[in-house]
Amino acid sequence: MAGGTGDVRKLFIFTTTQNYFGLMSESWDHTLLYNCPEINNFLDDGNQMLLRVQRSDGGISFSNVIDFADTKDKVLVFFKLRPEVITDQNLHNNILVSSMLESPINSLYQAVRQIFAPMLLKDHEWSRNFDPKLQNLLSELEAGLGIVLRRSDTNLPKLKFKEDDTRGILTPSDEFQFWIEQAHRGNKQISKERANYFKELFETIAREFYNLDGLSLLEVADLVETTRDVVDDVWRQTEHDHYPESRMLHLLDIIGGSFGRFVQKKLGMLKLWDDPYHLVKENLNAGISICEQWVIACSHLTGQVWQRYVPHPWKSEKYFPETLDKLGKRLEEVLAVRTIHEKLIYFSPASDEKITCLARVFEPFTGLNPVQYNPYTEPLWKAAVSQYEKIIAPAEQKIAGKLKNYISEIQDSPQQLLQAFLKYKELVKRPTISKELMLERETLLARLMDSVKDFRLDFENRCRGIPGDASGPLSGKNLSEVVNNIVWVRQLELKVDDTIKIAEALLSDLSGFRSFHRSAEDLLDQFKLYEQEQFDDWSRDIQSGLSDSKSGLCIEASSRIMELDPNDGSLKVHYSDRLVILLREVRQLSALGFVIPAKIQQVANIAQKFCKQAIILKQVAHFYNSIDQQMIQSQRPMMLQSALAFEQIIKNSKAGSGGKSQITWDNPKELEGYIQKLQNAAERLATENRKLRKWHTTFCEKVVGLMNIDLLRQQQRWKDGLQELRTGLASVEAQCPLTWQSKWEGPEDPLQYLRGLVARALAIQSWVERAEKQTLLTDTLDLSELFHPDTFLNALRQETARAMVCSVDSLKFVASWKGRLQEAKLQIKISGLLLEGCSFDGNRLSENQHDSPSVSSVLPCFMGWIPQDAYGPYSPDECISLPVYTSAERDRVVINIDIPCGGSQDQWIQCGAALFLKNQ
């Protein structure tokens with residue numbers, strides 16, 4: 001039998017070859033192949049170790065060597081484990097079979113990755129007996145083959161790089177790794193920068209995809225949204241050469257595949273027919289959401305957004321991940337089966353024997369994993385569903401009446417009616433129940449028609465108004481008018497779409513459905529027309545503003561970045577707020593699917609290029625324009641030098657080593673350096689202001705602390721607190737104005753302060769006693785005995801107004817050295833006044849002689865408040881108004897007094913004449 005047609009060895013080779021290449025038994029000459037010398041050499045010669053089988057246009061060919069010249073066709077290789085003649089006994093113990101697809105590199109890589117590396121590195125038994133050095137070599141071999149496969153066209157002998165070749169990219173992680181390798185191993189600097197740019201964009205999602213199996217369904221649902229944004233950023237980037245369309249198509253496909261396999265793996269861990277309904281529902285909804293979101297993302301990006309993106313338009317047909325979409329629909333069917341079962345149990349009486357068989361309704365699905373969707377499992381699934389529907393048919397008939405009674409009770413409330421149909425929509429879709437609820441569904445259709453009319457009326461009433469007004473579109477946060485209006489009408493579109501979907505799912509067989517559908521579609525067309533009108537109006541306004549230099553939409557790359565306004569001295573950045581709004585509008589409108597006109601997009605690209613620097617400069621400008629409001633009034637002179645230094649940097653915005661040219665937007669290196677100088681100067685000024693404000697707060701707290709010290713018993717605490725104040729003042733002495741230091745009233749020595757305090761306290765006691773005896777106004781008074789003499793004079797004014805039954809504003813203060821005031825209802829006699837700068841004899845002022853004291857006493861006088869129209873003791877022409885200060889330091893005025901001077905007022909102003917109270 002060894003050489004005949006019944007040779008078991010040759011039959012093994014022929015059968016294996018026929019199955020591998022999918023050959024029909026009639027398509028090749030068995031007799032000729034049985035006499036093939038290459039096959040005979042492999043089987044009968046112990047030294048011949050290999051038999052290669054290859055299919056080409058000429059048919060099947062056999063060889064005892066590997067032909068490296070051409071690896072396009074599939075290759076099947078039989079090779080021996082030991083150098084022996086093949087017999088019937090060692091046939092299955094000595095022959096190994098391997099196939100080769102695409103390239104030897106790819107075949108070896110996949111064999112190592114899928115078979116040998118997991119077995120030798122992860123299996124406990126094998127890895128324990130495997131040399132660690134060999135384990136490292138195997139890992140390095142896998143990584144190295146992957147790199148070669150990702151970077152090369154493996155069909156070319158010199159392994160040339162070809163970016164469109166994605167045969168080595170099987171998972172999203174392979175794609176991310178590809179750009180990491182390109183960033184490190186690229187041949188040109190530009191290529192490295194481009195690869196590094198893509199690498200950084202993909203880093204947002206790379207870690208999640210590396211650890212995809214460790215995430216939950218809800219986490220991956222969030223990852224879908226993030227992934228959509230990342231691939232959108234990758235496609236729309238304009239910093240470097242565009243991302244290849246074929247590569248993006250492949251990336252979208254393998255991402256969808258990863259999401260689909262993840263959903264299948266996670267849901268495969270559940271017992272979908274046995275686990276609690278709420279748990280199954282939550283996980284199925286999450287899986288459905290993942291599938292739907294990625295399908296919608298791919299369709300929206302490749303069908304709308306990218307096709308309209310002028311800098312890099314999508315030229316192929318819209319990509320639709322069909323397999324993922326069908327997986328999502330399968331999950332929806334599984335959820336519908338579980339939901340129908342749950343609702344049937346809810347409506348079924350526990351004692352009904354026919355309904356108790358619902359516990360066995362899932363038997364048709366036994367042995368079938370519903371999440372394993374593919375064309376081969378689809379017929380099995382449909383057969384199981386059909387058998388399931390036959391089982392539940394009797395239960396449906398009985399429950400239809402109960403559901404009808406339930407809905408009829410609430411059909412007068414449109415909202416409750418809609419909620420009921422949504423809650424039991426899986427049951428309503430069943431043909432038996434749908435027929436039973438014909439009248440109720442007619443009622444629901446009428447309610448939906450009314451909803452569409454309400455949407456239309458609301459739109460027509462608001463569409464021409466101002467956002468936020470009662471008669472205008474509803475307003476959102478941080479949205480310009482055009483974006484707000486489009487978002488508002490999109491929300492109305494969603495409501496109408498939801499209404500249409502409900503009607504299509506539950507009411508499509510009703511006679512009035514077509515009329516409803518036509519009305520709803522007309523309204524959607526009206527919404528879309530409004531959207532386009534809003535966008536077109538915005539485009540026209542922006543494009544007309546681009547030709548107007550005062551619109552704030554024009555930015556010249558060679559223009560100055562900022563300057564001081566000559567009118568109000570404020571710092572202004574030559575990057576208007578309107579440009580910031582334009583950037584936001586362009587980004588939002590693009591996300592909404594609109595194609596931005598090239599002219600507007602060009603301006604937006606330029607504005608985006610300088611946006612980061614402009615924001616920093618605006619922050620610096622705001623700081624400069626508002627720093628005076630952050631300073632304490634009395635501390636402004638202390639910060640003068642720092643403020644001037646900051647202003648000098650702003651004024652001297654020169655570029656280059658010679659500083660001859662202005663810094664402009666198109667000089668990024670000089671601009672970055674200038675911004676850094678501005679930020680440093682602003683930080684120094686802000687730090688100094690914070691330090692001084694802190695000292696001011698500290699001083700206030702210490703002064704309050706001194707006020708609470710008992711000077712009779714705690715003199716040392718007073719001295720210590722005073723010393724702390726001196727130390728603090730010394731730390732800022734170089735900046736502290738003299739007037740600031742002179743604000744501390746009274747003597748520093750506590751004994752001197754106590755003497756003045758006791759003297760005033762005794763005097764006040766005397767004043768109180770005289771007031772009780774009603775002799776206060778008849779005695780001669782010394783205002784220096786009071787803590788607040790101005791308060792006493794104001795009290796006298798108020799009492800005079802009461803006595804004269806007039807307002808206090810209708811009175812004026814006068815003094816007389818001639819005698820009592822005739823016009824005053826109340827008056828006092830004052831002594832203890834001192835005069836500096838001249839002399840006064842009671843009649844008129846006179847110049848000091850060379851031997852006259854610098855300060856002289858003033859004779860007692862009468863003081864009081866008289867009506868404004870009263871003449872007074874002296875003519876205004878012969879008097880000068882001199883201030884009365886509380887002390888010789890002239891820091892606080894008590895009141896002003898008219899003193900006769902003989903008519904030459906300027907003479908006494910020049911000599912610095914003034915009155916003050918004597919010290920206690």
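- Shown here for M804 and P867, the closest heavy-atom pair between the two residues is CE-CG, 3.3 Å.
- In this structure the side chain of I542 reaches within 4.5 angstrom of the side chain of L582, judged on heavy atoms.
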K918 and E785: CA distance, side-chain angles, deciding distance, salt bridge (Lys or Arg N to Asp or Glu O under 4.0 Å) verdict = CA-CA 9 Å; K918 70 178 183 179; E785 295 177 345; over 6 Å; no

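- Going from atom CD1 of I600 over to atom CG of L589 covers 9.0 Å, rounded to the nearest 0.5 Å.
- Between E683 and R690, at least one side-chain N (NZ, or NE/NH1/NH2) sits under 4.0 Å from a carboxylate O, which counts as a salt bridge.
- Distance check, rounded to the nearest 0.5 Å: CG of L579 to CD of E585 gives 11.0 Å.
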I would like to know whether Q868 and S810 meet side chain to side chain donor-acceptor pair (under 3.5 Å); could you show each step before the answer?
-> CA-CA 6 Å; Q868 291 280 2; S810 64; over 6 Å; no

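- Dense packing is recorded around CG of L859, with more than 12 heavy atoms of other residues, nucleotides or ligands lying under 6.0 Å away.
- The minimum heavy-atom distance between D779 and R770, with the atom names listed, is OD2-CD, 2.9 Å.
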Start with the C-alpha gap between T886 and D790, add the side-chain angles, then the distance that decides, and say whether side-chain contact (heavy atoms from CB on, under 4.5 Å) holds.
-> CA-CA 9 Å; T886 56; D790 51 335; over 6 Å; no

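- Looking only at side-chain heavy atoms (C-beta outward), L833 and S857 stay at 4.5 Å or farther from each other.
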Could you walk me through whether V884 and N896 pass the side-chain contact (heavy atoms from CB on, under 4.5 Å) test, one step at a time?
-> CA-CA 6 Å; V884 179; N896 284 18; over 6 Å; no

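- Taking both residues in full, the closest heavy atoms of P473 and R462 are given as CD-O, 3.1 Å, listed atom of the first, atom of the second, then distance.
- When side chains are defined from C-beta on, V814 does not count as touching F862, because their heavy atoms never get closer than 4.5 Å.
- Using a 4.5 Å heavy-atom threshold, the side chains of L835 and V855 count as separate.
- Annotation: side chain to side chain contact (heavy atoms under 4.5 Å, CB included) contacts of Q491 (sequence neighbours excluded): V487.
- Environment of CD in Q774: sparse, with no more than 12 heavy atoms of neighbouring residues, nucleotides or ligands closer than 6.0 Å.
- With a 4.5 Å cut-off on side-chain heavy atoms, W767 and L786 count as touching.
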Please walk me through it: do D782 and S784 pass side chain to side chain donor-acceptor pair (under 3.5 Å)?
-> CA-CA 5 Å; D782 187 350; S784 65; 2.7 Å; yes

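- Contact check for W865 versus N794: no side-chain heavy atoms found under the 4.5 Å cut-off.
- T775 places no side-chain N or O within 3.5 Å of a backbone atom of A771 that could act as its donor or acceptor partner.
- With rounding to the nearest 0.5 angstrom, the CZ atom of R584 is 7.0 Å from the OG atom of S480.
- Atom CD of residue E688 and atom CZ of residue R693 lie 13.5 Å apart, to the nearest 0.5 angstrom.
- In this structure, Q907 CD and I880 CD1 are separated by 9.5 Å, a value rounded to the nearest 0.5 Å.
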Please walk me through it: do I828 and L793 pass side-chain contact (heavy atoms from CB on, under 4.5 Å)?
-> CA-CA 10 Å; I828 54 175; L793 294 177; 4.1 Å; yes

Start with the C-alpha distance between E799 and R802, add both sets of side-chain angles, then the distance that settles salt bridge (Lys or Arg N to Asp or Glu O under 4.0 Å), and finish with yes or no.
-> CA-CA 5 Å; E799 286 296 321; R802 290 192 190 97; 2.7 Å; yes

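- Taking all atoms of both residues into account, the shortest heavy-atom contact from A870 to I866 is CB-CD1, 3.9 Å.
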Begin from the C-alpha positions of I581 and R578 and carry the test side-chain contact (heavy atoms from CB on, under 4.5 Å) through to its verdict.
-> CA-CA 5 Å; I581 296 173; R578 184 65 187 91; 3.4 Å; yes

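- The aromatic rings of W817 and Y874 lie tilted to each other, with the angle between the two planes from 30° to 60°.
- Across all non-hydrogen atoms, the minimal contact from Q905 to P876 is NE2-O, 4.0 Å.
- You'll find the side chain of K829 stays beyond 4.5 Å of the side chain of R820, heavy atoms only.
- When all heavy atoms of D841 and N843 are compared, the pair lying nearest together is OD1-N, 2.8 Å.
- Using a 4.0 Å cut-off between charged side-chain N and carboxylate O, R844 and E878 make no salt bridge.
- Side-chain atoms of F813 and D898, non-hydrogen and from C-beta on, never get closer than 4.5 Å to each other.
- For the atom pair E836 CD and N848 CG, the distance stands at 9.5 Å (nearest 0.5 Å).
- Side chain of S816 to main chain of G819: a donor-acceptor pair is present (N/O by atom type, distance under 3.5 Å, no hydrogens or angles).
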